[in-house]
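One structure is given below, encoded as structure tokens.
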Amino acid sequence: MIRSVFRGSGSALPAKVVSNAELSKTVDTSDEWIVERTGIRQRYIAGEDETTSTLAIGAARAALDDAGIDASEIDLIVLATATPDNTFPATATKVQAALGCTGGMAFDVQAVCSGFLYALATADSLLKSGMAKRALVIGAETFSRILDWEDRGTCVLFGDGAGALVIEAEEGEEANRGVIASRLHADGDQHDLLYVDGGPSTTQTVGHLRMKGREVFRHAVVNLSSVLREVIEDAGIAAADIDWVVPHQANARILDATARKLGLPAEKVIVTVDRHANTSAASVPLAFDTARKDGRIKDGDLVMFEAMGGGFTWGASLMRL
Ligand code: COA
């Protein structure tokens with residue numbers, strides 16, 4: 001039996017931090033409103049010399065260092081992003097070139113805020129099928145570039161960043177390590193609740209993010225608790241067996257409501273939305289790396305990842321470190 005086992009993680013953030021108070025100088029909002037409705041206190045915003053690929057490269061290098069694996073040993077890069085450097089080629093190929101590991105596969109996946117879950121499940125499948133041995137799974141975004149900075153309903157919610165995991169195919173009898181179970185979903189009927197109003201084939205512009213926040217919120221809690229239950233059932237565990245939930249960091253209230261529905265104590269939920277805001281596909285690996293580096297998540301822990309995003313798309317994945 002082949003398992004995709006965890007080897008290391010890394011993350012990268014832009015240099016510039018923007019607080020709620022700073023934002024309220026240019027947008028009709030307040031620190032009080034943002035903290036109360038979302039839990040967000042600040043976000044990192046990419047400067048001119050920072051792009052999705054530079055952040056992804058930083059996170060990938062940190063993950064390789066953490067894993068003690070040389071870039072030449074990587075034969076698969078799956079990069080989740082909705083804000084690629086260019087329409088093509090895939091940002092993953094830029095990362096591949098920068099790392100100097102041109103021997104294997106490299107491609108992007110696009111599932112917006114669920115992108116990391118889609119990327120992890122894709123990499124896991126390729127490792128299990130024997131098509132690759134060692135993968136970098138990256139989530140990287142520069143959402144600041146697709147925000148309408150005059151729309152207070154959306155621009156206060158997002159930030160930029162990247163996170164990466166190294167996973168490796170391991171053959172053996174031990175079934176209880178690495179990626180244990182994953183589930184992915186999509187519902188294209190919900191397009192109009194969260195989308196970007198531009199693109200190469202429609203407007204030939206990049207466009208801006210548009211969202212009906214209240215409706216997204218409602219769907220998020222329902223979809224996330226349902227996919228979490230599916231993965232718990234697939235894995236044959238009880239919710240209480242989970243050491244840590246690493247959720248997509250969209251809104252502290254969504255995290256609380258989802259944990260409550262599953263009866264998970266709030267102390268088991270990793271929250272970084274206060275510092276990073278919503279970094280879309282980067283948010284899960286960024287939160288995971290933050291919690292590993294601060295000593296909360298440890299080797300042997302059972303970790304549940306979950307996310308929902310535009311499409312809608314959503315998914316969850318259970319991994320034993
Ligand atoms: N500052 C101050 N007021 C704001 C504001 C801001 N940044 N954004 C919106 N408001 C106002 C609205 O105009 C509205 O005013 P009105 O009642 O006079 O019309 C009021 O606040 C309430 O707006 P509403 O959208 O109903 O607030 P909410 O409690 O639903 O919170 C979100 C808004 C966006 C924070 C919340 O719906 C949310 O987080 N949704 C999920 C978003 C998400 O997760 N997206 C990503 C998924 S990947």
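Counting starts at 1 for both ligands and their atoms, in listed order. Keep in mind it's a predicted model, so treat the numbers as computed, not measured.
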[atom]: nearest protein contact (heavy atom, Å):
atom                    : answer
atom 8 (N) of ligand 1  : Trp33 CH2, 3.3 Å
atom 46 (C) of ligand 1 : Asn278 ND2, 3.5 Å
atom 1 (N) of ligand 1  : Thr29 OG1, 2.6 Å
atom 39 (O) of ligand 1 : Asn251 ND2, 2.6 Å
atom 41 (C) of ligand 1 : Gly213 O, 3.4 Å

Identified salt bridge (Lys or Arg N to Asp or Glu O under 4.0 Å) partner of Glu168 from the options Lys133, Arg3, Arg134, Lys128: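 Single salt bridge (Lys or Arg N to Asp or Glu O under 4.0 Å) partner of Glu168 among Lys133, Arg3, Arg134, Lys128: Arg134.
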Can you name the atoms of ligand 1, numbered from 1 with element, that are less than 4.0 Å from a heavy atom of [X]?
X      : value
Val156 : 7 (N)
Val216 : 43 (C), 45 (N), 47 (C)
Cys113 : 48 (S)
Leu157 : 34 (C)
Met308 : 48 (S)
Gly153 : 8 (N)

Under 4.0 Å, heavy-atom basis, I'd like to know which part of Ile254 is in contact with ligand 1: side chain, backbone, both or neither.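 Looking at Ile254 and ligand 1, just side chain atoms fall under 4.0 Å.
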Thr154, portion touching ligand 1 at heavy-atom distance under 4.0 Å: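 Neither part.
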Please indicate whether any nitrogen or oxygen in [X] is less than 3.5 Å from any nitrogen or oxygen in ligand 1.
X      : value
Arg152 : yes
Ser30  : no
Arg37  : yes

So that I can tick it off, tell me whether [Y] and [X] are bridged by a salt bridge, with the cut-off set at under 4.0 angstrom between side-chain N and carboxylate O.
X      : Y      : value
Glu233 : Arg183 : no
Arg210 : Asp148 : yes
Lys16  : Glu50  : no

Report the residue from His248, Glu141, Gln249, His276 that forms a side-chain hydrogen bond (donor to acceptor under 3.5 Å, both in side chains) with Ser283.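 In the set His248, Glu141, Gln249, His276, the residue that makes a side-chain hydrogen bond (donor to acceptor under 3.5 Å, both in side chains) with Ser283 is His248.
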How about CD on Glu32, more than 12 heavy atoms from neighbouring residues, nucleotides or ligands closer than 6.0 Å, or not?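 Count not over threshold, so no.
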How about CD on Glu215, more than 12 heavy atoms from neighbouring residues, nucleotides or ligands closer than 6.0 Å, or not?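 Enclosed.
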Where do Asp108 and Thr81 land on the side chain to side chain donor-acceptor pair (under 3.5 Å) test, with the steps shown first? CA-CA 7 Å; Asp108 291 357; Thr81 190; over 6 Å; no
Return the option from Ala281, Ala250, Gly310, Ser283 holding the heavy atom at the smallest distance from atom 44 (O) of ligand 1.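 Shortest heavy-atom distance from atom 44 (O) of ligand 1: Ala250.
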Going by heavy-atom distance to atom 31 (O) of ligand 1, choose the closest among Lys212, Arg214, Met211, Arg253.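 Selected option, by shortest heavy-atom distance: Arg253.
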Apply side-chain hydrogen bond (donor to acceptor under 3.5 Å, both in side chains) to Arg292 and list each qualifying residue two or more places apart in sequence or on a separate chain.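 Once residues adjacent in sequence are excluded, the partners of Arg292 under the side-chain hydrogen bond (donor to acceptor under 3.5 Å, both in side chains) criterion are Ser9, Asp66.
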In Å, rounded to the nearest 0.5 Å, how long is the span from CZ of Phe116 to CD of Glu306?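 The distance works out to 13.0 Å.
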Check salt bridge (Lys or Arg N to Asp or Glu O under 4.0 Å) between Arg218 and all other residues, then give those that pass, not counting sequence neighbours.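 Salt bridge (Lys or Arg N to Asp or Glu O under 4.0 Å) list for Arg218, sorted by chain: empty.
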Please tell me if [atom] is touched by the protein, where touching means a protein heavy-atom distance below 4.0 Å.
atom                    : value
atom 4 (C) of ligand 1  : yes
atom 37 (O) of ligand 1 : yes
atom 19 (O) of ligand 1 : no
atom 25 (O) of ligand 1 : no

Check: [X] side chain, [Y] main-chain N or O, donor-acceptor pair, under 3.5 Å:
X      : Y      : value
Gln110 : Val112 : yes
Ser317 : Phe305 : no
Gln42  : Arg275 : yes

Would you say Thr38 contacts ligand 1, with heavy atoms under 4.0 Å as the rule?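 Heavy atoms of Thr38 do come under 4.0 Å of ligand 1.
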